[in-house]
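What you are looking at is a predicted structure, and each value in this text was computed from that prediction instead of being measured. All ligand and atom numbering here is 1-based and tracks the order in the structure.
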Amino acid sequence: MRLIMLIDMDYFFVACEELRRPEIKDKPSVVGFDPKGGKGRGVVMTCNYIARKFGIRSGMPISMAYRIKPDAVYLPIDYAFYEKESGEVMEIVKEYAAKLEQVSIDEAFIDVSKRVGSYDAALRYAETIRESIKRRTGLPCSIGISTNKLMAKMACEAAKPAGIMLIKEEQAKGFLEGKPVGDLYGIGTKTREKLEAMGYRTIGDLARANTMDLIEMFGSFGVEMQKCANGIDESAVEGNYEVKSIGREITFDNDTADAGAILAAIRKLSEEVAGEVKKAGITFRVVTVKMRYADFTERLKSRSTRRSGEFDALLASASDLYSRYADRSKRIRKIGVRVSGLTTARGQKRINDFAAG
Ligand code: TTP
Ligand code: MG
Ligand code: MG
């Protein structure tokens, strides 16, 4: 049995903003174009679930959102920041699967068939992933689990926000049956309107439709759609990433400038990374230390090492990078240790497709 998960971050852009502005957490908040007192052009990129209660949605004109809730928090779009957060989330998720297919800035499929052998284990595994993302980035997500990508996506949508949902293979058809046909993943407004005109209002209607009629109207896409309506999707999770580095990070419970505590954290991270390197049977050439300060600025420092692949070399480089380059006037929020320039230990050839298990 295949077991697939879709991990999608909740109200992603606004959730990122909450990290650096905790004071907006309990308020309806919107990321998008400047509303300019109701005269602004452009749209809402996303909003938190409090704003959604008032009817604000992604893609809605910002002027309309402003009319609904002029006293909401309106924030400009900072893609660079969301990309950075997205990268961190994806790095964490990669620790849990050999293959990850990122499908947008805030979501990815993983195939965990080799990691978990039952539905119960999959649920527990999803819980672990969700907690790990939350603990290490502060960001909330939802996870859908099923036996194919389509149903994992549908499960995730149903689980939102901050939920985990499992749809077993035998539950797929029943889950889809009564839903409006436009809720099926991949069906946009135009297709929905055509299907409705043909008399197919629910996904169940589409599942039972006359296939020849669908082919006449949509060609081979009609056949695909009907398969989906039956909960069938054979497509594989395409691993679209290469492991180019291995790293671990720690976010301190309280921001700290205490060198002893920080060096202890670096030791722990170095042990973990060295363990991972050993397990994979590879060596590294470059060591990087990342320091994120309480004010969310970041400092990255790297160095090449000749005694590659060994724990003590890693620890020595990482500790030294910190000692030399840390800005001692600031408290550190998060510290990371990463190795790159990876080479398989035996062949000495650059690896480009190392799967972590
Ligand atoms: P989504 O995952 O679709 O939405 P979301 O994360 O904001 O909310 P949720 O998943 O909890 O329903 O999109 C991810 C981000 O992509 C979103 O935060 C903002 C951006 N985005 C756009 O830029 N344009 C859009 O039309 C949509 C829907 C999202
Ligand atoms: Mg999302
Ligand atoms: Mg998404």
### Message
Name the residue from Ile129, Ile4, Leu6, Ile143 that meets the side-chain contact (heavy atoms from CB on, under 4.5 Å) definition with Ile110.
### Response
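It is Ile129, the one option of Ile129, Ile4, Leu6, Ile143 that forms the side-chain contact (heavy atoms from CB on, under 4.5 Å) with Ile110.
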### CA sep, side-chain torsions, deciding dist, call: Phe311, Lys278, side-chain contact (heavy atoms from CB on, under 4.5 Å)
CA-CA 9 Å; Phe311 165 68; Lys278 199 168 170 204; over 6 Å; no
Looking only at distances, can you tell me whether any N or O atom of [X], backbone or side chain, sits closer than 3.5 Å to an N or O atom of ligand 1?
X	value
Tyr79	no
Ser58	no
Asp106	yes
Phe12	yes

Using 4.0 Å as the upper bound for N to carboxylate O, is an ion pair formed by [Y] and [X]?
X	Y	result
Asp320	Arg303	yes
Glu238	Lys99	no
Asp111	Arg2	no
Lys334	Glu249	yes
Lys190	Glu193	no

### Any Arg52 heavy atom less than 4.0 Å to ligand 1
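Arg52 counts as a contact of ligand 1 under the 4.0 Å cut-off.
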Within ligand 1, which atoms have a heavy atom of [X] less than 4.0 Å away?
X	answer
Met9	6 (O), 9 (P), 10 (O), 11 (O)
Tyr49	9 (P), 11 (O), 12 (O)
Asp8	2 (O), 10 (O)

To the nearest 0.1 Å, how far is [atom] from its closest protein heavy atom, and which atom is that?
atom	answer
atom 17 (C) of ligand 1	Thr46 CB, 3.8 Å
atom 20 (C) of ligand 1	Phe13 CZ, 3.5 Å
atom 23 (O) of ligand 1	Met45 CE, 2.9 Å

### Task
Give me the ring orientation class for Tyr74 and Tyr66: parallel if the planes are under 30° apart, tilted from 30 to 60°, perpendicular past 60°.
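Correct class here is tilted.
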### Task
Kindly say whether Ser29 contributes a backbone atom to a donor-acceptor pair with the side chain of Asn48 at under 3.5 angstrom?
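Checking the backbone N and O of Ser29 against the side chain of Asn48, a donor-acceptor pair under 3.5 Å is found.
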### Message
Treating Tyr96 as the side-chain partner and Ile92 as the backbone partner, does any N or O pair qualify as donor plus acceptor under 3.5 Å?
### Response
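Side chain of Tyr96 to backbone of Ile92: no pair is present.
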### Message
As an exercise, state the distance from CD of Glu18 to NZ of Lys25, rounded to the nearest 0.5 Å.
### Response
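The distance works out to 4.5 Å.
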### With Glu88, the salt bridge (charged side-chain N to carboxylate O under 4.0 Å, His left out) member among Arg292, Arg136, Arg248
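By the salt bridge (charged side-chain N to carboxylate O under 4.0 Å, His left out) criterion, Glu88 pairs with just one of Arg292, Arg136, Arg248: Arg292.
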### Query
Would a 4.0 Å cut-off, counted as strictly less than, catch a protein heavy atom around atom 3 (O) of ligand 1?
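Under 4.0 Å from atom 3 (O) of ligand 1, zero protein heavy atoms found.
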### Task
Could you give me a count of protein N/O/S atoms that are under 2.8 Å from the Mg ion (ligand 2)?
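Under the 2.8 Å cut-off, the count stands at 3.
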